[in-house]
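In this text the structure is predicted, and so the values were computed from the model without any measurement.
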Amino acid sequence: MLTLDLPAEPYWLDLPRGVRVEIRPVTTAVMAAAQATAARRLAAIRIADPDLDPDMARGLSFAFLVKALARHAVTAWEGIGDAAGTPLALSPEAVERLMDLDDIAAAFWDRATAPVAAVTAEGNG
């Protein structure tokens with residue numbers, strides 16, 4: 001039996017370095033929007049550099065997907081500041097800069113997609 005216990009409301013994720021982000025649930029629509037955004041960005045790079053190394057293309061593809069998912073899902077954050085320690089306002093550009101940090105991006109991806117992965121792992125996906 002399929003158990004529909006996926007989050008329906010925004011919830012907080014604890015990330016490394018004292019960062020917390022509130023995200024909307026990663027629904028089909030949110031993931032599809034992220035995938036479309038990432039695909040457009042990679043296509044633009046491939047047009048500019050037709051000889052792009054395949055490993056770099058895979059790396060960029062994942063980086064663009066994580067950034068796009070964060071842009072579409074993150075609704076609030078805590079623990080993010082500028083060089084002077086002043087809390088930084090949430091913006092799409094700042095979210096992307098946050099996702100440039102490998103440990104943050106990896107933790108965000110794992111935790112944001114965990115509810116769907118859990119359903120799949122139990123045989124309900």
What salt bridge (Lys or Arg N to Asp or Glu O under 4.0 Å) pairs are there with at least one residue in residues 56-65, not counting sequence neighbours?
Asp55-Arg58
Please, which pairs that meet salt bridge (Lys or Arg N to Asp or Glu O under 4.0 Å) have at least one residue in residues 68-78, sequence neighbours excluded?
Arg20-Glu78, Arg71-Glu96
Test of understanding: with side chain to side chain contact (heavy atoms under 4.5 Å, CB included), list the residues that count as partners of [X], not counting sequence neighbours.
X	answer
Gln35	Met31, Leu65
Asp103	Pro16, Arg17, Leu101
Ala43	none
Ser91	Glu93, Ala94

Using a 3.5 Å distance criterion without hydrogens, assess whether the side chain of Thr37 forms a donor-acceptor pair with backbone atoms of Ala68.
no
Look only at the side chain of Arg24 and the backbone of His72, and say whether a donor-acceptor pair between them is shorter than 3.5 Å.
yes
Non-neighbouring partners of [X] that pass salt bridge (Lys or Arg N to Asp or Glu O under 4.0 Å), sequence neighbours left out:
X	value
Asp110	none
Asp82	none
Asp100	Lys67

Show the nearest heavy-atom pair for residues Pro25 and Pro10, with the distance to one decimal.
CD-N, 4.0 Å
For Leu90 against Ala76, the heavy-atom pair lying closest together:
CD2-N, 3.7 Å
With sequence neighbours excluded, tell me which residues meet ring pair (Phe, Tyr, Trp, His ring centres under 6.0 Å) with Phe62.
Trp109
Going by heavy atoms in the side chains, are [X] and [Y] under 4.5 Å from each other?
X	Y	result
Val19	Trp77	no
Val95	Val21	no
Phe108	Leu98	no

Each residue besides Met56 in its hydrophobic cluster should be listed here, by chain and number; the cluster joins Ile, Leu, Val, Met, Phe, Trp and Tyr at side-chain heavy-atom distances under 4.5 Å.
Leu42, Ile45, Leu52, Leu60, Phe64
Could you list who else is in Ile47's hydrophobic cluster, with ILVMFWY side chains joined at under 4.5 Å, directly or through other members?
none
Please lay out, stage by stage, how Glu22 and Val74 fare under the test side-chain contact (heavy atoms from CB on, under 4.5 Å).
CA-CA 6 Å; Glu22 182 186 56; Val74 174; over 6 Å; no
